[in-house]
Asks: 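The structure follows.
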Amino acid sequence: MMIKTEKLTKKYGDFTAVNHVDLQVQAGEFLGLLGPNGAGKTTLIRMLVGLAKASAGKIYINGQIMGRNKGDLKGMIGIVPQHINLDKELTVRENLLFCAKLFKLPKEQREKRAEELLEFVGLKNVEKRESQKLSGGMQRKLMIAKALINDPHILYLDEPTVGIDLTARRKIWDILKTMKNKGKTIMLTTHYIEEAEYLCDKVALMDEGKIFYCDTPDNLKIKLGKFTLEYFNDNNETEYRYFKSLEQAKQEAGLLENEYTLRKTSLEDVFYNFTNRKVN
Ligand SMILES: Nc1ncnc2c1ncn2[C@@H]1O[C@H](COP(=O)(O)OP(=O)(O)OP(=O)(O)O)[C@@H](O)[C@H]1O
Ligand SMILES: [Mg+2]
């Protein structure tokens, strides 16, 4: 087990942002953490990387408890935070060199590592540009390169593709797939459900500080019903109904007077149903 939490909890005063989370991520697994704004995703990640102190509960990395003075464990971890963490006035290359220095890499190794990473994320051609002058997509790629500087075993990414165009996003997906193929354990949050569907082995659904489900996208779809009947009802609302079998779905569809779509259930349906379950 690469990452394991036991009853991990974070309180801010009376407010509980993360509430008794038990999470397990296997070595080499790619986990997606999905949940609406304010669910507690960033807070959970900040505890996992040691940036926020847990109010209660435990974190284990490779069976070893993670706590204070565990620099060796923290050295195994790379993080791409939700908000831009670049030194604005430094160039792309300087950002990486500076970060390598913080990790105490010897000088010749710093140059080599920066060079490799510039190639890997496709920023070699803008290496001399100040990071504040990069496009949003380039900044996100540089943040990923930074997170990889110490060749971490575990990579946490908090909304790494927020607000960037499709081409840049797909390029980042390729980067992350490559990291997965290299055997890294990866945890990612995103509001782009298709991103989680494309990348993740497992998906954890989080809301109000708790993780309610954690399973493969396929199993989550099966749980909801593999087939979706979708139609615009007489109250001007789109209705979604889920069925275990195609026959059942067809039968129900046959009774409708409205125009309908009958399709396979997607992870987006699972997420939509999860986040709207209180009003249903
Ligand atoms: N330092 C803090 N002090 C008080 N409350 C906080 C603090 N940090 C986070 N919170 C609260 O904890 C809750 C969870 O926040 P968090 O940033 O973890 O959510 P999130 O799931 O990452 O949301 P988003 O998708 O918007 O990034 C929110 O209600 C937030 O206001
Ligand atoms: Mg967040």
Side-chain angles (χ1 to χ4, degrees), residues 3-25 30-59 66 68 74 77-86 136-137 139-144 146-147 152 154-165 168-169 172-173 176 185-200 202-215 217 220 266-279:
I3 309 165
K4 185 173 171 214
T5 71
E6 274 174 13
K7 300 194 175 69
L8 193 61
T9 300
K10 180 71 184 179
K11 290 191 174 189
Y12 294 110
D14 288 343
F15 177 74
T16 308
V18 172
N19 195 351
H20 290 80
V21 164
D22 294 319
L23 190 68
Q24 298 191 349
V25 189
F30 200 136
L31 179 87
L33 183 58
L34 304 183
N37 293 133
K41 305 177 297 295
T42 297
T43 308
L44 176 58
I45 287 189
R46 285 175 54 80
M47 286 190 283
L48 288 170
V49 300
L51 283 172
K53 193 173 175 293
S55 310
K58 293 192 173 74
I59 301 167
M66 192 169 137
R68 278 199 256 184
K74 286 182 191 163
I77 293 173
I79 172 154
V80 177
Q82 182 168 357
H83 301 289
I84 307 285
N85 66 337
L86 302 170
Q139 288 183 337
R140 293 285 162 184
K141 286 177 194 163
L142 182 54
M143 285 166 69
I144 293 174
K146 254 184 90 167
I154 305 174
L155 195 56
Y156 294 100
L157 303 118
D158 199 352
E159 300 193 38
T161 64
V162 67
I164 69 176
D165 75 34
R169 180 173 312 154
I172 287 180
W173 290 358
L176 298 181
T185 306
I186 307 179
M187 188 162 157
L188 158 137
T189 80
T190 181
H191 290 290
Y192 304 110
I193 310 302
E194 78 277 17
E195 178 164 297
E197 178 137 45
Y198 181 66
L199 292 171
C200 299
K202 276 192 188 161
V203 165
L205 299 180
M206 187 170 192
D207 199 7
E208 295 177 344
K210 290 193 192 125
I211 289 180
F212 288 85
Y213 301 99
C214 184
D215 212 334
L220 290 171
S266 66
L267 189 59
E268 216 169 278
D269 292 303
V270 171
F271 183 72
Y272 182 81
N273 194 258
F274 172 70
T275 48
N276 291 281
R277 68 202 184 291
K278 281 165 264 167
V279 291

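Order of appearance sets the numbers: ligands from 1, and atoms from 1 within every ligand. Residue numbers run from 1 in the order of the sequence given.
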Asks: Can you check whether I59's main-chain N or O pairs, donor with acceptor, with T5's side chain at less than 3.5 Å?
Replies: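 Here the side-chain-to-backbone pair does not exist.
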
Asks: Working note: V162 + R140, criterion side chain to side chain contact (heavy atoms under 4.5 Å, CB included); need CA distance, chi angles, decisive distance, verdict.
Replies: CA-CA 9 Å; V162 67; R140 293 285 162 184; 3.4 Å; yes

Asks: Would you say T42 reaches the Mg ion (ligand 2) with an N/O/S atom under 2.8 Å?
Replies: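 For T42, the answer is yes, given that an N, O or S atom comes within less than 2.8 Å of the Mg ion (ligand 2).
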
Asks: If I compare all heavy atoms of T189 with all of P160, which pair ends up nearest, and what's the gap?
Replies: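 Smallest heavy-atom distance, with atoms named: O-CD, 3.5 Å.
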
Asks: Could you tell me if the side chain of T190 sits less than 4.5 Å from the side chain of E159, heavy atoms only?
Replies: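 SC-SC contact between E159 and T190 ruled out.
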
Asks: How about Q82: does one of its N, O or S atoms come closer than 2.8 Å to the Mg ion (ligand 2)?
Replies: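 Coordinating: yes.
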
Asks: Enumerate the protein residues lying less than 4.0 Å from ligand 1, judged by heavy-atom distances, in chain and residue-number order.
Replies: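 Lining ligand 1: Y12, F15, A17, P36, N37, G38, A39, G40, K41, T42, T43, Q82, E159, H191.
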
Asks: When L267 is tested against each of E197, E195, E194 for side-chain contact (heavy atoms from CB on, under 4.5 Å), which residue passes?
Replies: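 Between L267 and the candidates, side-chain contact (heavy atoms from CB on, under 4.5 Å) is satisfied uniquely by E197.
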
Asks: Less than 4.5 Å apart, any side-chain heavy atom of Y213 and any of V270?
Replies: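 Not touching, per the 4.5 Å side-chain cut-off.
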
Asks: Return yes if some donor-acceptor pair links the side-chain N/O of K10 with the main-chain N/O of A52 below 3.5 Å, else return no.
Replies: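 No.
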
